[in-house]
K.L.:
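Quick one: the structure is below, questions incoming.
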Amino acid sequence: METKLIKFSNKGLSATIVAALTTLVAVFPLPVKAITFVTDRTALKSNDQVDWSSLGETNPFNFLLNSFSATSQRGLSLNVDIPLPKAGVSAPFVFQTLPAPGIATDFASGDYILLTGAKPNPPLDGNPGPLSITFDKPVKSAGTQLAVAFDLNPYKAFVSAFDDANQELGTFSLDAVSSLALDNSAVFLGVSSDIANIKRLVFSSSVSNRPFGINKLSFAAVPEPSFTFGLIAFGAFGAVTLKRKLNTIK
């Protein structure tokens, strides 16, 4: 019985591999690690969010642990961490900001606010944070509005972003002044990247003895790989494997 060895053209095979890899690069461009400061929610181009009302009923407050988990509208998990409070300061809590007799802020009326924790009586000092948010999976952009409570003096609001290796991607700040106008004037602090490398955000202010609050967190999560990408990747992998087998036969 005669055995024939079928020979493939390495040149043709190499062309197939190059074509497959070129298609991959075209579909998913090489990443550029650039992070930018975003001061407007719409500029985030977000596709997901966490509204703090999802953590439970506020009647009028929903007290939380200093470290807790939340789930976005599209199912992404995240963890929130706030330092333990000093004596006499409450745990973090969520409330809905509303006109009197409700609690007025400079967020929009009806917003649900996550506050770092406050004393129940004047002078209404509280937990100054910082407030850290860690995503289960890195995102491309994220941000929220922030306001220091019970302080009508100018201050600075900060946001820092970190990757999944805990390396700082950037820190940004805005000058701010809080009010009780319910006019949605609380400053927006966000970051945006060319790739999904934002693993953790840290929010803080320059006021050392007052709590601060944030409203809903908006972010751009990366969708799961598409079926088309799977086919392309499988084709490229198959071509490389076949070439290795042919080289072994020689």
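If you're wondering where the values come from, they're calculated on a predicted model, not measured in any experiment.
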K.L.:
Taking C-beta and beyond as the side chain, do Thr97 and Leu182 meet within less than 4.5 Å on heavy atoms?
P.N.:
yes
K.L.:
Over all heavy atoms of both residues, which pair between Asp51 and Lys216 is shortest? Give the atoms and the distance, please.
P.N.:
CA-CB, 4.1 Å
K.L.:
Any sub-3.5 Å donor-acceptor pair from Gln145's side-chain atoms to Ala186's backbone N or O?
P.N.:
yes
K.L.:
Check whether any side-chain N or O of Thr116 sits under 3.5 Å from a backbone N or O of Asn127 as a donor-acceptor pair, and report yes or no.
P.N.:
yes
K.L.:
Checking Ile214 against Leu131 for the side-chain contact (heavy atoms from CB on, under 4.5 Å) test, could you report, in this order, the C-alpha distance in whole Å, the side-chain angles of both residues, the deciding distance, and whether it holds?
P.N.:
CA-CA 9 Å; Ile214 61 173; Leu131 185 155; 4.0 Å; yes
K.L.:
Is there a continuous path of hydrophobic side-chain contacts, each under 4.5 Å between heavy atoms, that joins Phe135 to Phe203?
P.N.:
yes
K.L.:
Is there a path from Phe172 to Leu146 through hydrophobic residues (I, L, V, M, F, W, Y) whose side chains come within less than 4.5 Å of each other?
P.N.:
yes
K.L.:
For the backbone of Val94 and the side chain of Asn62, can you confirm whether one donor and one acceptor N or O come within less than 3.5 Å of each other?
P.N.:
no
K.L.:
Could you go through the side chain to side chain donor-acceptor pair (under 3.5 Å) check for Ser67 and Asp81 one step at a time?
P.N.:
CA-CA 4 Å; Ser67 180; Asp81 294 286; 2.6 Å; yes
K.L.:
Can you find a pair of side-chain heavy atoms, one from Pro83 and one from Pro130, that are under 4.5 Å apart?
P.N.:
yes
K.L.:
About how many Å separate CG of Leu114 and OG of Ser53, when rounded to the nearest 0.5 Å?
P.N.:
11.5 Å
K.L.:
Any side-chain heavy atom of Phe37 within less than 4.5 Å of one from Ser173?
P.N.:
no
K.L.:
Look at atom NZ of Lys140 and say whether more than 12 heavy atoms of other residues, nucleotides or ligands are closer to it than 6.0 Å.
P.N.:
no
K.L.:
In terms of ring plane angle, is the pair Phe61 and Phe95 parallel, tilted or perpendicular, where the classes change at 30° and 60°?
P.N.:
perpendicular
K.L.:
Is the backbone N or O of Ser185 less than 3.5 Å from a side-chain atom of Asp183, with the two atoms forming a donor-acceptor pair by type?
P.N.:
yes
K.L.:
What are the two closest heavy atoms between Ser178 and Asp106, and how far apart are they?
P.N.:
CA-OD2, 3.4 Å
K.L.:
Could you measure the distance from the CG atom of Asp163 to the CG atom of Asn197? Nearest 0.5 Å is fine.
P.N.:
6.5 Å
K.L.:
Phe68: what forms a ring pair (Phe, Tyr, Trp, His ring centres under 6.0 Å) with it, not counting sequence neighbours?
P.N.:
none
K.L.:
Please give me the minimum heavy-atom distance between Lys199 and Lys137, naming the atom from each residue.
P.N.:
NZ-N, 4.2 Å
K.L.:
Identify whether Val50 and Val80 are in the same connected component of the hydrophobic contact network (ILVMFWY, side-chain heavy atoms under 4.5 Å).
P.N.:
yes
K.L.:
Between Ile198 and Val191, is the side-chain contact (heavy atoms from CB on, under 4.5 Å) condition met? List the steps.
P.N.:
CA-CA 9 Å; Ile198 301 168; Val191 291; 3.8 Å; yes
K.L.:
What distance separates Phe188 CZ from Leu174 CG, expressed to the nearest 0.5 Å?
P.N.:
10.5 Å
K.L.:
Given Leu64 and Leu55, is the side-chain contact (heavy atoms from CB on, under 4.5 Å) satisfied, shown in steps?
P.N.:
CA-CA 9 Å; Leu64 307 165; Leu55 298 176; 3.8 Å; yes
K.L.:
With a 4.5 Å heavy-atom cut-off, do Asn66 and Pro85 have their side chains touching?
P.N.:
yes
K.L.:
Please find the pair of heavy atoms, one from Phe107 and one from Gly213, that lie closest to each other, and give the distance.
P.N.:
CZ-O, 3.4 Å
K.L.:
Compare every heavy atom of Leu201 with every heavy atom of Ala142, then report the nearest pair and how far apart it is.
P.N.:
CB-CD1, 3.5 Å
K.L.:
Consider only side-chain heavy atoms of I, L, V, M, F, W and Y, link residues closer than 4.5 Å, and tell whether Ile113 and Ile103 are in one cluster.
P.N.:
yes
K.L.:
Rounded to the nearest 0.5 Å, what's the gap from OG on Ser46 to CZ on Phe219? Could you check?
P.N.:
8.5 Å
K.L.:
I need the Ser90 OG to Leu115 CG distance, nearest 0.5 Å.
P.N.:
7.0 Å
K.L.:
Starting from the C-alpha separation in whole Å, work towards a yes-or-no answer on salt bridge (charged side-chain N to carboxylate O under 4.0 Å, His left out) for Asp175 and Lys156.
P.N.:
CA-CA 5 Å; Asp175 294 326; Lys156 282 189 177 293; 2.7 Å; yes
K.L.:
Could you check whether any side-chain N or O of Ser141 sits under 3.5 Å from a backbone N or O of Leu44, counting only pairs where one atom can act as donor and the other as acceptor?
P.N.:
yes
K.L.:
For residues Gly88 and Pro120, report the shortest heavy-atom separation together with the two atoms involved.
P.N.:
O-CD, 3.6 Å
K.L.:
Report yes or no: does Gln96 contribute a side-chain atom to a donor-acceptor pair with the main-chain N or O of Gly110 at less than 3.5 Å?
P.N.:
yes
K.L.:
Hey, quick one: are Ile133 and Val38 part of the same hydrophobic cluster, counting side-chain heavy atoms closer than 4.5 Å, chains of contacts allowed?
P.N.:
no
K.L.:
Please check this pair: side chain of Ser206 against backbone of Tyr155, looking for a donor-acceptor N/O pair closer than 3.5 Å.
P.N.:
no
K.L.:
Give a yes or no answer on whether the side chain of Ser192 reaches the backbone of Thr36 with a donor-acceptor pair at less than 3.5 Å.
P.N.:
no
K.L.:
Taking it one step at a time, do Thr171 and Glu168 satisfy side chain to side chain donor-acceptor pair (under 3.5 Å)?
P.N.:
CA-CA 8 Å; Thr171 294; Glu168 184 177 328; 2.6 Å; yes
K.L.:
So, does Thr144 use its side chain to make a donor-acceptor pair with the main chain of Asn215 at under 3.5 Å?
P.N.:
yes
K.L.:
Measure from NZ or CZ of Arg200 to the centre of the six-membered ring of Phe162 and say whether it is under 6.0 Å with the direction within 45° of the ring axis.
P.N.:
yes
K.L.:
So, Ser193 side chain and Ala196 main chain: donor-acceptor pair closer than 3.5 Å or not?
P.N.:
no
K.L.:
Just to verify, which of Leu76, Val139, Leu217 counts as forming a side-chain contact (heavy atoms from CB on, under 4.5 Å) with Asp48?
P.N.:
Leu76
K.L.:
Indicate yes or no: at least one non-hydrogen side-chain atom of Ser109 is less than 4.5 angstrom from one of Pro99.
P.N.:
yes
K.L.:
Does a salt bridge link Arg210 with Asp125, judged by any charged N lying under 4.0 Å from a carboxylate O?
P.N.:
yes
